[in-house]
Amino acid sequence: MENKLVREITSMDVDFSKWYTDIVKKADLADYSSVKGCMVIRPYGYAIWENMQKILDGEFKALGHENVYMPLFIPESLLQKEKDHVEGFAPEVAWVTMGGGEKLAERLCVRPTSEVLFCEHYKNIIQSYRDLPKLYNQWCSVVRWEKTTRPFLRTSEFLWQEGHTMHETEADAREETLRMLRVYENFYKNALAIPSVTGRKTEKEKFAGAVETYTIEPMMHNGVALQGGTSHYFGDGFTRAFGITFTDRSNKLAYPHQTSWGVSTRMIGAVIMAHGDDSGLVLPPAVAPIQVVVIPIAMHKEGVLEKASELCEQLKSFCRVKMDVSDNSPGWKFSEYEMKGVPLRLEIGPKDIAQNQCVLVRRDNREKTVVPLDNLRGEVERLLREIHDGLYQKAAKNLGEKTYTATTYEEFLDIAKNRPGFIKAMWCGDRACEEKIKEDTNGVKSRCIPFEEEHLADTCVCCGRKAEHMVYWGRQY
RNA sequence: CGGGGUGUGGCUCAGCUUGGUAGAGUGCUUGGUUCGGGACCAAGAGGCCGCGGGUUCAAGUCCCGCCACUCCGACCA
């Protein structure tokens, strides 16, 4: 990478946190608001979210899911129907106690997640096995009263989707749980160009009320993990608590098996921290609001604007494009769109026009390609694909290089202290070891038990007893 | 929730030690010249100095309280 061209952005090696918030602000993704812990998502940031939504929504629907909308408020009595669930969420919910100037008979919480609302509704509409599966999803915002917040990564209110499904059998529900995890994993890979470690959460880390929680854990540039999406299998715990029954194929009453799964605007944070550099944001083409920015050079010269507009029209037929005809100098524009992470820049000036060509510059590595105009579409499509692949490979390399193996506790503590990243190590299955590790390392937690475990040793890295599983460990946002 | 830091035109900050007319750079507006890596000239607009109290003839500056943001921990998607 050349010297950074944007002075205002703090270098990521100097202060990664500052670098992150600088990008959020300088790339016009979000702004602070007067509501503590809440942010304004600005048009450029929201456009990224809309692209993410569009792709995921299509995947959900292709698998038979239907979108619905549930209420914002949950009566206290409803939230309390499932014991583990309420214990998990109660500490971080916001309560409404007044309405129209009068104290409410029962206070309402602002939804932190909507399991109980879906259950209440499913109770009314499920009678027979013929009504199953029920595959609902909603796009909405939820509120969790966080103590410390950071734009996109952790805000008091955030946008997300939550899928809630009901199934006839445990096997169906378990299959759905894993199916949706795969949807997330593929989305991270194919749309966000972010590789991740996936697997099952330990008892200690799983969702409040779930039987199993599966997770996708991408690694950020600095080696810190971000819980990127989760998919839960609930068994029939909620359906029993809510009295949701159906008549099964043998004419007996049965409880359906349930799942839920969600991803949030946190994914924007993941994109920033997985791909960004000292010049700003770097967006994967699939979700970039602008995929190609057209910069006319020497706009006042005859024919330049006309040619640039013509190219713009041509590009519009197959990608998202913007032309900047503002009065700023070309150099200013180069920096501006690098800061905003636009994957490809197209420069067109008098010299190019004379030779019937233009210059394409990649955001990720600043590589310039001179392209004959006859071949513009092919080259743009090729470069966008290569940028995606390049970003994925770079992130995969980072994940590989920052994943360590520990077979002794000394080794484990040494890595945890000195090398940011994931640690693969054996574990006995005892929660006490997770707690001890977290305490001894000042914050390293189990990320997940991967689907394909390696046999690294016979004994738990922490206590020395017989090992049950291989676990990925790491710090998280 | 504990510990630190910071709040002054849109943004980045100086001024505070030692109280005495509100500053710079950048951005913005208008006009002109420029244009292949953050161009230049000229003229303008823009400030309850985070909020509230106090001390003083006089507070951006000193004292007390609060709030917000931010970093490091604890907690959590």
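We name chains A, B, ... by the order of the sequence lines, and we start the count at 1 in each one. The figures that follow rest on heavy atoms only: side chains count, while hydrogens, waters and symmetry mates do not. Since this is a predicted model, take the numbers as computed values, not measurements.
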> Could you go step by step and tell me if A:E386 and A:R362 meet the salt bridge (Lys or Arg N to Asp or Glu O under 4.0 Å) rule?
Replying inline: CA-CA 10 Å; A:E386 280 183 16; A:R362 288 171 61 156; 3.5 Å; yes

> Expressed as a whole number of Å, how far does the P atom of B:C62 sit from that of B:C16?
Replying inline: 9 Å

> What is the base-pairing partner of B:G46, counting Watson-Crick and G-U wobble geometry with both distances under 3.5 Å?
Replying inline: none

> Rounded to the nearest Å, what distance is computed from the CG atom of residue A:D327 to the P atom of nucleotide B:G27?
Replying inline: 13 Å

> Would one find a side-chain N or O of A:K25 under 4.0 angstrom from OP1 or OP2 of B:C11?
Replying inline: no

> Is B:A68 paired to anything, Watson-Crick or G-U wobble with both distances less than 3.5 Å, and if yes, which nucleotide?
Replying inline: B:U6

>> Out of the candidates A:R447, A:R200, A:K445, A:R475, only one should pair with A:E217 under the salt bridge (charged side-chain N to carboxylate O under 4.0 Å, His left out) rule; please name it.
In response: A:R447

> How close or far is atom C1' of B:C11 from atom CZ of A:R42, stated in whole angstroms?
Replying inline: 12 Å

>> By nearest atom, which of the nucleotides B:C76, B:G36, B:A39 is closest to the A:E92 side chain?
In response: B:C76

>> Let's test this: given Watson-Crick or G-U wobble pairing with both distances under 3.5 Å, identify the partner of B:C1.
In response: B:G73

> Quick one: are the ring centres of A:H221 and A:W19 less than 6.0 Å apart?
Replying inline: no

> How far, in whole Å, is B:U61 from B:U17 if one measures between their P atoms?
Replying inline: 10 Å

>> Using OP1 and OP2 only, check whether a side-chain N or O of A:K438 sits under 4.0 Å from B:C75.
In response: yes

> Does the ring of A:H300 lie flat against the base of B:C35, closer than 5.5 Å centre to centre with planes under 30°?
Replying inline: yes

>> Working to the nearest 0.5 angstrom, can you tell me the gap between A:H85 NE2 and A:F234 CZ?
In response: 7.0 Å

>> If you assign A:K333 and A:P296 each to the RNA chain B nucleotide with the nearest heavy atom, which residue ends up on the more 5' nucleotide?
In response: A:P296

> How long is the line joining NZ of A:K204 and C1' of B:C75, in whole Å?
Replying inline: 11 Å

>> Measuring only the P atom in each nucleotide, how far is B:U8 from B:G47? A whole number of Å is fine.
In response: 15 Å

>> On RNA chain B, compare the nucleotides closest to A:G443 and A:R144; which residue's is nearer the 5' end?
In response: A:G443

>> Checking base pairs now: Watson-Crick or wobble, both atom distances under 3.5 Å. What partners B:U33?
In response: B:A39

> Looking at residues at least two apart in the chain, or sitting in another chain, which of them share a salt bridge (Lys or Arg N to Asp or Glu O under 4.0 Å) with A:K25?
Replying inline: none

> Hey, does A:F207 reach any base, or is it just sugar-phosphate, or nothing, if we go heavy atoms under 4.0 Å?
Replying inline: nothing

> What do the steps show when you test A:C358 against A:L376 for side-chain contact (heavy atoms from CB on, under 4.5 Å), and what is the final call?
Replying inline: CA-CA 8 Å; A:C358 68; A:L376 183 59; 3.8 Å; yes

>> Applying the Watson-Crick and G-U wobble criteria at under 3.5 Å, what pairs with B:C11? Answer none if nothing qualifies.
In response: B:G25

> Rounded to the Å, how far apart are A:K340 NZ and B:G38 P?
Replying inline: 20 Å

> How many Å lie between NZ on A:K36 and C1' on B:C67, as a whole number?
Replying inline: 9 Å

> With no angle test and no hydrogens, is the base of B:G73 tied to the side chain of A:N442 by a donor-acceptor pair under 3.5 Å?
Replying inline: no

> Using atom P of each nucleotide, how far apart are B:G7 and B:C13 to the nearest Å?
Replying inline: 8 Å

> Is a salt bridge present between A:E50 and A:K54, judged by a nitrogen-to-oxygen distance below 4.0 Å?
Replying inline: no

>> Rounded to the nearest 0.5 Å, what separates atom CG in A:L153 from atom CE in A:M267?
In response: 13.0 Å

> Between A:Y136 and A:Y122, is the ring centre distance below 6.0 Å?
Replying inline: yes

> When rounded to the nearest Å, what value does the distance between P atoms of B:A59 and B:U21 take?
Replying inline: 12 Å

> Is the shortest distance from a Lys or Arg side-chain nitrogen in A:R382 or A:E379 to a carboxylate oxygen in the other one below 4.0 Å?
Replying inline: yes

> According to a strict under-4.0 Å criterion, is A:S335 in side-chain N/O contact with OP1 or OP2 of B:G38?
Replying inline: no

> What is the nucleic acid contact for A:E146, judged by heavy atoms within less than 4.0 Å: base, sugar-phosphate only, or nothing?
Replying inline: base

>> Using a heavy-atom cut-off of 4.0 Å across all strands, would you classify A:G37 as base, sugar-phosphate, or nothing?
In response: sugar-phosphate

> Quick one: which of B:C35, B:A39, B:C71 gets closest to the side chain of A:A298?
Replying inline: B:C35

>> Can you measure A:W332 atom CH2 to B:C40 atom C1' for me and round it to whole angstrom units?
In response: 17 Å

>> Contact list please: residues 148-155 of chain A against RNA chain B, heavy atoms, distance less than 4.0 Å, in numerical order.
In response: A:T148, A:R150, A:L153, A:R154, A:T155

>> Starting the side chain at C-beta, find the nucleotide from B:C71, B:U70, B:G36 nearest to A:Y32.
In response: B:U70

> Looking only at atom P, what distance separates B:G46 and B:A58, rounded to whole Å?
Replying inline: 29 Å

>> Classify A:E347 by what it touches in the nucleic acid, base, sugar-phosphate, or nothing, heavy-atom distance under 4.0 Å.
In response: base

> Which value, in whole Å, describes the distance between the P atoms of nucleotides B:C66 and B:G3?
Replying inline: 12 Å

>> Could you tell me how far apart A:K147 (NZ) and B:U70 (C1') are, to the nearest whole angstrom?
In response: 19 Å

> Across the strands shown, which category fits A:V359 at heavy-atom distances under 4.0 angstrom: base, sugar-phosphate, nothing?
Replying inline: base

>> Taking B:C40 as the reference, what is the distance to B:U34 when you measure between their P atoms (whole Å, please)?
In response: 15 Å

> Partner of B:A59 by Watson-Crick or G-U wobble geometry, both contacts under 3.5 Å, or none?
Replying inline: none

